[in-house]
Asks: 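Handing you a structure now.
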Amino acid sequence: MIFEESTDNLLQVNSLKTYYKTKTGFVKAVDDVSLFVDRAKVLGVAGESGCGKSTLVTTIFRVTPRNAQVMSGEVKYKGQDILNMDLKVFRRDIVWKEIAYIPQASMDVLDPVYKIKDQMLETILEHEDLSKADALERIYKALENVGVPAEKADMFPHELSGGQRQRVVIAMALLLSPSMIVSDEATTALDVITQAKILELMKSLQENRKFSMMFVTHDLSLLANISDSIAIMYAGKLVEFGDVEKVFGNPLHPYTQLLLKAIPDLRYRKQRRLVAIPGFPPDLENPPKGCRFAPRCPLAMPICREVEPEFSRVEGFHYVACHAVNKK
Amino acid sequence: MGLIRYLMRRIVERLALLFAILVFNFFIFQVLPTIYGINPAQLYVPLTYKGLPRSELVQALDRQFGLNLPLDERFFIYIKSLLTLHLGISMSYEQPVITLIAQRLPVTALLVIPSLILSSILAIVFGLYSISRQGKIGDSVISFTAIMTYFIPAFWLGEIVLYFFGFYLRIFPTNLGEAITTYNGHLLTGFAYWANLMKFLTLPILFITIISYGVRNILFRNNGIELMGSNFVNYLRARGISERKILYKHVTRNAVIPVVTRVGIDLAFLFAGVVFIEDIFNIPGLGRLLVRGAENLDVPLLGGDFYVISLFAVIILLALDLIYPLIDPRVKYE
Amino acid sequence: MNKLLRDLMSRKTFIFSVVVIGFFAVLAVAAPFLTPYNNPYRVGQQFVAAPYAVPAWATVFPQYKNLPPDVRITLTPSLAYESSGEVSQLNSSTLKVTVPPGDTVNVTFPLRWNWSSPYDVRLSFTLVTPNTQYFQVNLFVRDFYLMSLSPLPIPPEVTVVPGKPNPVIFSTELVNPGNSPYVASLPVQDQSLASLELPKMLLPKPGTYNVTLSFVNTGKTTEMFLVTLPGYSSLGYAYGRLGTDDNGASVFSEFVYGARFDLYLSLVASAIIIGIGLIIGLLAGYVGGFTDLTLNAFTDFFLLIPGLPLLIVLISIFDITGTIVNVNKAVLILLIISLLSWPGTAKIIRGQTLTLRNRTFVEAARALGESRMRILFKHIVPNLMGILFAQLAYDVPGVILAESGLDFLGLGITEFPTWGNMLGYATNNVSFVNGFAWWWVLPPGLGIVFISVAFYYFGTAMLDVLSPYKLRGE
């Protein structure tokens, strides 16, 4: 799929299908997803847990679990097909130097038996020929940039608080000044205040350094401030993709609409009831025929259960996959 | 300071455990027979013994080993003897228990320590091979073999190995006496003694290596494979760290932790674990001493042997407590 | 449920475990139908073939090719006598032999022998002699003068009652200088070896050998003898599915009944272990606090006791006292093994309970004010099922190995076959003299290994499939 709106794209995902092979069949975790990220822009990707966001990220970094297979589609970075590139070259030249990754800094995201310093050092030296002293200096600076005192570098991962660990992981991503950063649920496990601080930090870093960012989260509300464009995923499919104002201002897909209604709004606390979406996401091994959201959709029509809706442009930079919208 | 407090707490805990075990031993060896009215001395005097009247002999033995004293008095004597290491005199060997143990301890150590090292190395080497080829045929073969060796009855395979290598192919000597004496019956000395002793011990050492290899291999492999799919390995990969470095540096370092624990526990129960092997290969070590003691209900010998085994276990566990934080930084001296 | 089954069936290791466990379960259940010998350690059920007889199917190997099976045939006289007036057929199983005065009539029974020599040779027939004092009946195999029957008690002659049916049995096992002229003729030092050497001399190699009965009439009138067709039987060196042990007892019977006992004991013991482990683990993990501390110390204590040596000592003590308390040895072993093996299981269940206790659904149930008992049995125990099944399977090999170890050392069960005492007896007999009776040494050991591996895989599969939260146990 070619997006006309993409003026200066850095990363482009074309009809990507990543399936997990199980004993009984295939789990279609990412099924025909196309999107792009422009230079110095932020793309927000949102969806419930299990909708394939993380598989999308791991596919881009080529670190999918052993049973995952890219069935078709391509991922292009600066025009290069990075899925079929030699893995060694990819890991040496693209990963971290060009695209870095900020995972959710859970307890076990860093090797528990090595110090922060050593793990950062290893990352630098894997990609660059640098003296140890220079590298260390860069590490201390990187840590201070994200608000972690340099002496924490001598600690083990479990000795840091959750917020500090998240900052360390952000510093790790910026070590080699990449042009693009993919953040996967980077603020999820944190308390609200730390979450806000981390988000603020990432935003300011992005503004200062002008890297592109793909910000993956299950929390749609985080994306309004930070992103330029938004992609909504449901059950392995991209259901809505567009400019941030368009998606938030005029959500077209019923799923997006419901997601937005599920965000509590302090101003209307009294008037509005919080909406929960009834039902559960489908089993991705045997997804429903037609639109995957149809069983939970309040607007479902007979055709929704039969024919898969096409992903098409509505107007401007706003794409949606829904029969109800396409009919109009 | 944290370290000293940690140490003190651990020592107190382990000593309490040791004391509990000693009380338990006393119960088993002294109280239980008394309850059932068995006099070990009576068992010790052979039924076919001719000479002095049987009852007189039994009484003499009772006096000699203090078996006729009230239980509480015997308990104090027991604890005192353990503390002063005067473990009494064995009824069946008619030698001080401490001498018997001192004689046999080096033999067992010579048997177990080399195999401990060898099997750990093998387990890790094969484990690494398995991890790097997860799900492939090589991995399946190694894992299946490891599980097999884990469940092979040691005594059974021991006899077979002994027969084929010792009797049939005659590669290794099968009799310790023959191995370490010259053909005219003198004990070998110096280098020849040790060389022949090691040659005799090679077969049992290899055998223990095989037997103990399985658990460690499975432990290392399963742990490593789990780690290979863990968050931090994924993050390492995403950072472009090479697979070699991930496997040999990060995964090995982490997966070795449970193996060290396991080896520590094996070491703690080292003397208890080789009962069968010593029995089969005819090695005069602590394990066989224990079997002889059990067969003859040799109370002083059993008490002493169990004491040494438990004491050793407690010391090793304590050492493990101490070195564990060095291997795993998540564990603190607290 | 269907998905669960499909998931299980897609595991090769699970299929392996089901096949192996199923095989042994069938052996155990069908034991009485598979073999007539329910306790081959009893004297009456031994010597069903020669000691160390190889399995019958092993005769396909060249080194066992000529070994004889157990043979039991009725001999028939050679056709030459059909026409003669001296020997005639009285009925289908009896011959009438008419001997003129002072004459001798030989009746020859050819024995077709296709193998190397058997373990023993037995000949039996019933003889009715004339009612006089003047006769003698001699038994030859080839030229060996094996037996002499006469009315007079003069060793080495064997007495028969004139005019009455006399059952006569010749057996190489029972020969001595007092009942066999051939043995009596040997030098004294060789006489005691006769019963071992005779079968090899009588039937040295494949061929046809003559068994001859010679009827001698020393009287003055023509006399008539009646003799049944002699039965020949011998124990062979190839027997049954798994050959025989050193007592000539069927190894297959031992194996099957051993499997029966081992499976039964290990399943019961595992159930007891799980029971104790569940109670202690649940209490420690769910109640927590001081209870946890105490129970944990208690578990540690049992974990630290050197189990195997203690087992040996305990069994020795109870063995000696067994006559006093009068308990079944198997029950005793079962109880002691169970009581010494629960700590590992308890620790695992405790750990699992601890994590379950803090799960949201349990906390929710607690917040809703459900009673402790209800939470325990409604929410925690069902989630432990995977672990429980897995532990049950993991404990089986441990119990089998421990019990076999005891039996092997001769401290456990000795009166009836178990895999452990089979191993013990078999390996004790592995020596230079007896060679390596693989059909006896290998089955019980392989049985233990395979059933253990099978249960291990079974447990692992159960854990993978049944536990709601992926937990891999060691």
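Reminder, nothing fancy here: chain letters follow the sequence lines and each chain counts from 1.
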Asks: With under 30° as parallel and over 60° as perpendicular, where do the rings of B:Phe24 and C:Phe301 fit, or are they tilted in between?
Replies: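 B:Phe24 and C:Phe301: perpendicular rings.
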Asks: Kindly compute the distance separating CD1 (B:Ile152) from OG (C:Ser452), expressed to the nearest 0.5 Å.
Replies: 10.0 Å
Asks: Indicate yes or no: at least one non-hydrogen side-chain atom of C:Ser404 is less than 4.5 angstrom from one of B:Phe155.
Replies: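 Contact flag for C:Ser404/B:Phe155 side chains = yes.
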Asks: Got B:Tyr163 and C:Val441 here, is their nearest side-chain heavy-atom distance under 4.5 Å?
Replies: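 A side-chain contact under 4.5 Å is absent here.
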Asks: Does any non-hydrogen side-chain atom of B:Ile160 lie less than 4.5 Å from one of C:Phe436?
Replies: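 Answer yes - side chains close enough.
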Asks: Roughly how far, to the nearest 0.5 Å, is OH of C:Tyr456 from OH of B:Tyr150?
Replies: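 Here the rounded value is 8.0 Å.
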Asks: Minimum heavy-atom separation for B:Pro153 and C:Gly445, please, with both atom names.
Replies: CD-O, 4.4 Å
Asks: If you count heavy-atom pairs under 4.5 Å between each of C:Leu442, C:Thr13, C:Ile400, C:Leu423 and chain B, which one has the most?
Replies: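 Top option by heavy-atom pairs under 4.5 Å: C:Leu423.
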Asks: Answer yes or no: are there more than 12 heavy-atom neighbours, outside C:Phe24 itself, under 6.0 Å from its atom CZ?
Replies: yes
Asks: Drop me the distance from B:Asn222's CG to C:Thr460's OG1, to the nearest 0.5 angstrom.
Replies: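 Taking CG in B:Asn222 and OG1 in C:Thr460, the distance rounds to 8.5 Å.
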Asks: Under 4.5 Å, counting heavy-atom pairs only, tell me which of C:Ala297, C:Gly424, C:Pro397, C:Pro444 racks up the most with chain B.
Replies: C:Pro397
Asks: Minimum heavy-atom separation for B:Leu17 and C:Asp300, please, with both atom names.
Replies: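 Looking at all heavy atoms of both residues, the shortest contact is CD1-C, 4.4 Å.
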Asks: Taking B:Trp156 for its side chain and C:Thr427 for its backbone only, find out whether a donor-acceptor pair lies under 3.5 Å.
Replies: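 No.
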Asks: Chain B heavy atoms under 4.5 Å from C:Leu446: which part of the residue, side chain, backbone, both or neither?
Replies: both
Asks: Non-hydrogen atoms of chain B under 4.5 Å away: do they reach the side chain of C:Ile451, the backbone, both or neither?
Replies: neither
Asks: Taking side chain as everything from C-beta outward and backbone as N, CA, C, O, which of these in B:Leu317 sits under 4.5 Å from a heavy atom of chain C? Side chain, backbone, both or neither.
Replies: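 Looking at B:Leu317, just its side chain touches chain C.
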Asks: Which class fits the ring pair C:Phe16 and B:Phe144: parallel under 30°, tilted 30 to 60°, perpendicular over 60°?
Replies: perpendicular
